[in-house]
A.B. asks: 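Sharing a structure below in structure tokens format, with a few things to ask.
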Amino acid sequence: MIPRSGYSAIAALCGAVLVFFLAPGAAAAAESGPPAPPPGAPEGALGNTAAVALLFWVLALATVAGAVFVITRRNMVAGVMGLVFTFFAVAVLYAMLYAHFLAVLQVLVYAGAIMVLFVFVIMILNKPEDEPWALTGLVGKAIAGLALLYFLMRLGGVLWGVREKPAASGAELSPGGTIQSGDFGSLAEVGRVLFSDYVFAFEAIALILLSAVVGAITIARPGSGSSSQDADEGAAVGDGERAPDA
Amino acid sequence: MDATQPPIYLIILLPLLGAVVNLVVGRKLSRRFVSVVGVGSVAASLAVTVSIIAGPLWAQYTAAQAGEAASPWLQQTLYTWIETGDLRIELAFRLDTLSALMALIVTFVGFLIHVYSVGYMHDEPRYAAYFGYLNLFTASMLVLVLGENLPVMFIGWEAVGLCSYLLIGFWFEKEKNADAGRKAFVVNRIGDFAFILGMCLLFYATGTLSFADFQGPEAQRNLLEIFMWGEPVATWAGILLFIGACGKTAQIPLYVWLPDAMAGPTPVSAIIHGATMVTAGVYMVARMSYMYASSTTAMAIVAGIGAVTALFSAIIALAQSDLKKVLAYSTVSQLGFMVTAVGVGAYVAGIFHLLTHAFFKAGLFLCAGSIIHAMSGSGDIMKMGGLRKRLPLTHISFLAFCLAIAGIFPFSGFFSKDEILVGALTADADGWWMYYGEFLWLLLTLAAACTAFYIFRVYFLVFSGESRADAATQAHIHESPPLVTLPLLVLAACTAVLGFVGIPKLGFLQDIGVGNAISAWLDSSVRSGIVPMEITDGGKLRVMGLVLVVAISAVLTARALYARGVSPRLEAWTSRGPWARVHKVVSDKFYVDELYELIVLRPFRALARGLFVFVDRFVIDTVFVAGPAKVVDLVGAAVRKVQNGQVQRYLAAILVGSAAIFFLASRPAISFEHEQVEPYEVTFEAMVDAGPASVDAEIEWDFLGDGEADATGPEVSHRFSRSGEHEVTMRFRDGVFGRWRSVSRTIEVAAQEESQGAGARDRGAERGSRQ
Amino acid sequence: MIELTREDFLYQIPLLILAVSGVMLILLEAFTEGNRRDFLMSLSVAGCVGALLSSIVLFRSIGDESIELFGGMLVADRLAYVLTGLFAGATALSAMLTADHQRTHRWEVGELYGLMLIATAGASLLSMAGSLVTIFLGVEMMSIAIYDFMAARRGSRPGTEAAMKYFLMGAFSSGFLAYGIALLYGATGTFDISSIAAFAAENPSDPLLVVGALVLVVALAFKVGAVPFHMWAPDTYEGAPTPLSGFLASVAKAAGFIAAVRIFAEAFGGDVMPFGRLGWASVFAALAAITMTVGNLAALRQERIKRMLAYSSIAHAGTILVGLVAVGVGAGDGAMAAVVYYLIAYSLTTIGAFGVVSWIGSRDKERLRIDDWSGLAVSHPLAALVMTVFLLSLGGIPPLAGFFGKFYVFSQAVSAYDQQLLWLVVIAVLNSILSLFYYLRVVMAMYFREPEGAFTPMRSPATVIALGLCAFFVVKMGVLPGGWMSIAGG
Amino acid sequence: MSDIFFHITISHFLILAAVLFAIGMVGVLVRRNALIVMMSIEIMLTAGILTILAFARLHGDMGGHAFALVLIAIAAAEAAVGLAIIVAVFRSKRHVDLERLHHLRD
């Protein structure tokens, strides 16, 4: 028998394979579409070859399946693997949207770094099995579910209307018209935008990451601060206070 | 600040400094020093007031009388408080004839009460705090009185509320006192809410909040010409401000705090009831007379509430057995008189009564303090009696105050009350009901009768007959020290003679040069909004005579019933009922008493009890106190249910909230109106609520009932081929979400011209029926 | 390609000072030995004061201009500098209070000060935002730093629970924020707020625009704590260390409002009224009414003072929303000035109130129940007086700052066109009356009850100075509001 | 009808993103484990990024890519802080179960 987490590992592996084989193809398929659809026509953004359609539906299925996997599994490692799977599939979708660099980044940052962090924390918690579903307040959750459906319905209607907008390839609408079709979404272009128009954002992110790192260290280290307790809070912290340091 | 201007701000600053000294360092100072600071600051303020009035203001006044200067008032601007856009509010004080009179009352009566307090509170451990609060209270009231615009007045307005809260709850060790303080504050806040709204509305309408500007033609025009909901804006502002006044001046239904406010030290009751806080509402209405004159509706409401309050609380006062309670309800009743006066436009009469009332009511309370002090702290009038000889000075002054409040000639209350009655009887304005003035007069006359009765009931029960107190208390009875009795005598002397500043304007008196001094003094500051009906000297004298006769007979009845304690027959009546004693009643020569008891007093007592039960227990306790508590409980329970500590429930609430936002924003109510313009031709207009979804909406009309769109656009007209009923459908596609919704209605199409009216009526009827 | 000029840096000096001193503090903390927290605190206060002073200088020099920096990512105008100055000042006060709280309750965490400054930098980023990207960055810079220092009191169970809740809900709302920005971007093809405004003027009911704006309403309503997105606030304020609750209630809330102003008033404001007659204001009007009412009714029942102040801050958010609605229906600059004035008045008052709550706690007993405040007027009259000033200001009693905030907002809302906001003002005024009930409960406890046992509150100059400054400004803003109103733009 | 399946438009991506967003929300609502709730939030953010990129493609504007980058970086930062908070909660309570985390309440 393959252990249950094994399935997820296999799924994640499939995701990785998917990326490596499909991503170049996805980009190629997307580029092979007609360069400029007639204005006003409900033309696809990506051309309308069968390959693109197939690719999209496979990826959509993979994404949704991975996400559903995350929120249904009791095993946390399995959840993480589902998330990795989703992220891989989403990365390919990025590539279909000419965001090649971000596809790579998605794989590196999300599927790589963040997921490792999650697994790491699961190890710290030492509890691969999750508590079951949160089933208190079912009425409230049912109402929230209905609200969500309504929300989705309204949103879906609007989003579906977007396809009636005249779609344009990257070359046409870009400011100044300097970008060639092939440049859109490339590393060079992302770099150019990031270091010109968005240089401030880039700098600000540095500050945010710094505060996140410092904060994470401050919060997560078991320190002298934990020895003090408010009298109001009742009993002192249990033995677990000296949890093994990661 | 003009250097030559008289220092009006000193009038306020001096008591304020006294308050600061007493509150901050008072605990470390000796009692003597605290007293000197407390009393001295008010005395100095009084001196400044008098000197300014006698000096510069008098000069201005006489100049204006002679036609030389335009404005008989002094104004002092300390600095511009707020200036932003068109909102400009200055921290300015205005001393005109009206505010000068008020300032004089506040400082003079306040001074006497301070002196009295030195004697009365000599055993108080928190002596310095008491004087600090008392000074602060005086200073706040002076801000209220002298403020040149509504926001400055509102500072004083709020501050007296706060100080009264501190003073009423001064002996906070008793839970009841703290509750009373809170009640006073809360009820006042209900009024303040309306006051703030009224200020906002006035500012919106006139662009100013300064009293001087309200008199200007521009503000007057705006007040009359800007309409809201079919009334000039002056009406709404007037009503809102008056609700504020109801809170301060204890009018129905916000009077409840005042009787409870007895819980504080007695001098506090005197200062609150007599000279200061409660008169604020009357003063405000008089101050805003230029605005109230623009709205006869608001004036009718003010006058009506005042008259009903006057009678209603006088009736309640009939049945009270606690000395201070009687006086408290009496205050409410007298305030009702004043409010009626300012409501019918007899501002001078209202302020005049305010003046006389300040003296006799402060005096009554100070006497009550002296009496209660003598009776070892008990205020139950059923347990008193025979104090005439034991407390001679208190007795003399109390009698003077009683005669004044009962309206017996020549004490001051007679003159002022009479002016109000004449004012009410002769008031008539556009839009008032017929005989409204006469109705008000009737209520007030009844109230005057009750007043004379209840106050002399108290007088006889306290001072005449035999003492009904227990031995220990009797042994303790003694006259109060001079510091206590001296203010009483001063007040009594004033009460006896003060009425003559307001001698009624009678032809034969004016012929010999006797005029109404107070009316001449105040005329430049207030504006009579309603032109009174002409009344002859004879008519005036008849009104006077009638009320005098009524008052005297009420006094005599009280004497008959209570002169030797509660009349035993009365007790028999009340304890055993009429039928057991029929024989005795018939043979009794004083059967009038019993008849009076049966016909008048009993029903009135029942009425008083009933009113009390209804207003205090039901309206206030249930609706104002328990009702909100219930709502708060329910909401609290709901919040507690949702806020149960589980973060996922919070997240669910976010989700539900966002769906609700989408729902509200995407669902404008739709309907349409139609009107027949020609035979067979009907115009239609779509009515769609505002919202994001209705901007780029498409609207289609189906007149034939075939499901096809016959016309598009929000306003269309259609020519029907035949008369009779038609089913019309309006379809609406919202501009954001693209949903179609429709509303259908059957309309009647007529062939003739004359059915236009029917069409219009149809439109009115169907406006409410939205899908 | 944008050219970076000297001005791009010159006009963001306050922001730079905050960010750089934040980073410096974090570095210094790493190299500081032992308990040198006071030193760090003083440095952070110095940084804040520097930012405050530079904001004042820039505020004076910039006049009525509006200068775009970094190609429109940031906008430097008077509004930005007023709010930056407020944030810097409020942070300085919070830092002064925090140091003593840390010492008294033994949870010295030096990184806190650097993180606080970074959070403030995020808040002032919001005040200068000229682009949705900046809005997102500002919100996140602030939120992430706040998550950090909320959880910094490691041993405290309520602290970690509050941090957990705040984090989860904050991250959830970040999702909304990102999604809403994405939709607006989809509608307009740009993140630049002025370009979005131009687009909205031409396409007032573009579906994506409307939906995106509604999603942003949710995200920002969460940040300012409007009902029903408020539920993090009571738990978080209660669980967080008290001075940080003050920080959260003042800086974080004001930052949320300024973000809402930047997005809604500037992108969807103006004469065009993208969403119909009442515009986006209709949504905010409903939120304002329900927020005030629920906040006040819930506060009435609270027995714990921090929770009560939390609900009170929710109710105040509702009042500020009234001002925002007035901006939305075209009441113009006056309404905007009223909102800014209210934000300043409210922030100072609430920091002060939380500061007194922090001050009266002694080691091992934090005194967070209202009953613990009995008889404070007898044992510590000055503290009781200061607290009374704050509470009365919150309740809107003249002549304190809170009264003018309310009066100003209400009078602007009443004078909005056609009195269409009169109903809202009536609700708001009724609510401000209602609010006094619970503020007075504390005053009553302090003045009208016997003290229960003596205690020694913390004795430290920093807290006393901070409270004194708060009280001074609260009174000054009420007695001499003129200057403050002109600063606020009136 | 079959056009919907064969003709892939920007709307397809947008709807997919919306569905992902919704799945994330459901996950936040129904799971007790804070860690999984955080993963669900990551899914929501990813949906935001996908939406941005789809619109960037629609408008042919590289600004969307820059913002997507910002989003990814911030998601990473949030994850770091969030995981640290989870560890801290675990240290003090020995669990990360959201249903049992309800000591702060009305």
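In what follows, chains are A, B, ... by sequence order, proteins preceding strands, each numbered from 1.
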A.B. asks: Could you tell me whether C:Y185 and D:F67 have their ring centroids closer than 6.0 angstrom?
C.D. replies: no
A.B. asks: Between C:F167 and chain D, with a heavy-atom cut-off of 4.5 Å, which part of the residue counts as in contact: side chain, backbone, both or neither?
C.D. replies: side chain
A.B. asks: Pick whichever of D:A47, D:A68, D:A56 has the most heavy-atom pairs under 4.5 Å with chain C.
C.D. replies: D:A56
A.B. asks: Please look at C:Q302 and chain D and tell me whether the side chain, the backbone, both or neither of the residue comes under 4.5 angstrom of a heavy atom of that chain.
C.D. replies: side chain
A.B. asks: By a 4.5 Å heavy-atom criterion (distance strictly below it), what part of D:L101 contacts chain C: side chain, backbone, both, or neither?
C.D. replies: both
A.B. asks: Apply side-chain contact (heavy atoms from CB on, under 4.5 Å) to C:Y166 and D:I85, showing your working.
C.D. replies: CA-CA 10 Å; C:Y166 186 56; D:I85 291 177; over 6 Å; no
A.B. asks: Name the member of D:H102, D:M25, D:R105 that forms the most heavy-atom pairs with chain C at distances under 4.5 Å.
C.D. replies: D:R105
A.B. asks: Based on non-hydrogen pairs under 4.5 Å, which of D:A73, D:G64, D:A77, D:A80 is most in contact with chain C?
C.D. replies: D:G64
A.B. asks: Under 4.5 Å from any heavy atom of chain C, what part of D:A18 do you find: side chain, backbone, both or neither?
C.D. replies: both
A.B. asks: Can you tell me which portion of D:L98 sits under 4.5 Å from chain C's heavy atoms? Options are side chain, backbone, both or neither.
C.D. replies: side chain
A.B. asks: Quick one: closest heavy-atom pair of C:A182 and D:G48, and the distance?
C.D. replies: CB-O, 4.1 Å
A.B. asks: Please tell me if the side chains of C:T190 and D:D61 come closer than 4.5 Å, counting only heavy atoms from C-beta onward.
C.D. replies: no
A.B. asks: Using heavy-atom distances under 4.5 Å, tell me whether D:L45 contacts chain C through its side chain, its backbone, both, or neither.
C.D. replies: side chain
A.B. asks: For each of D:L14, D:V89, D:I74, D:I86, tally heavy-atom pairs with chain C at distances under 4.5 Å, and name the one with the top tally.
C.D. replies: D:I74
A.B. asks: Would you mind reporting whether D:M38 and C:L168 have side-chain heavy atoms less than 4.5 Å apart?
C.D. replies: yes
A.B. asks: Against chain D, work out which of C:V133, C:D235, C:L132, C:T236 has the most heavy-atom pairs shorter than 4.5 Å and name it.
C.D. replies: C:D235
A.B. asks: Once you round to the nearest 0.5 Å, how far does OG1 of C:T160 lie from NZ of D:K93?
C.D. replies: 5.5 Å
A.B. asks: Can you check whether D:L104's main-chain N or O pairs, donor with acceptor, with C:E161's side chain at less than 3.5 Å?
C.D. replies: yes
A.B. asks: Can you see which heavy atom on C:G186 is nearest to which on D:L58, and at what distance?
C.D. replies: O-CD2, 4.4 Å
A.B. asks: Applying a heavy-atom distance below 4.5 Å, give me the residues of residues 169-179 of chain C that approach chain D, sorted by number.
C.D. replies: C:A171, C:F172, C:S174, C:G175, C:F176, C:A178, C:Y179
A.B. asks: To check you understand the geometry: which heavy-atom pair defines the closest contact between C:M164 and D:A34, and what is its length?
C.D. replies: CE-CB, 3.5 Å
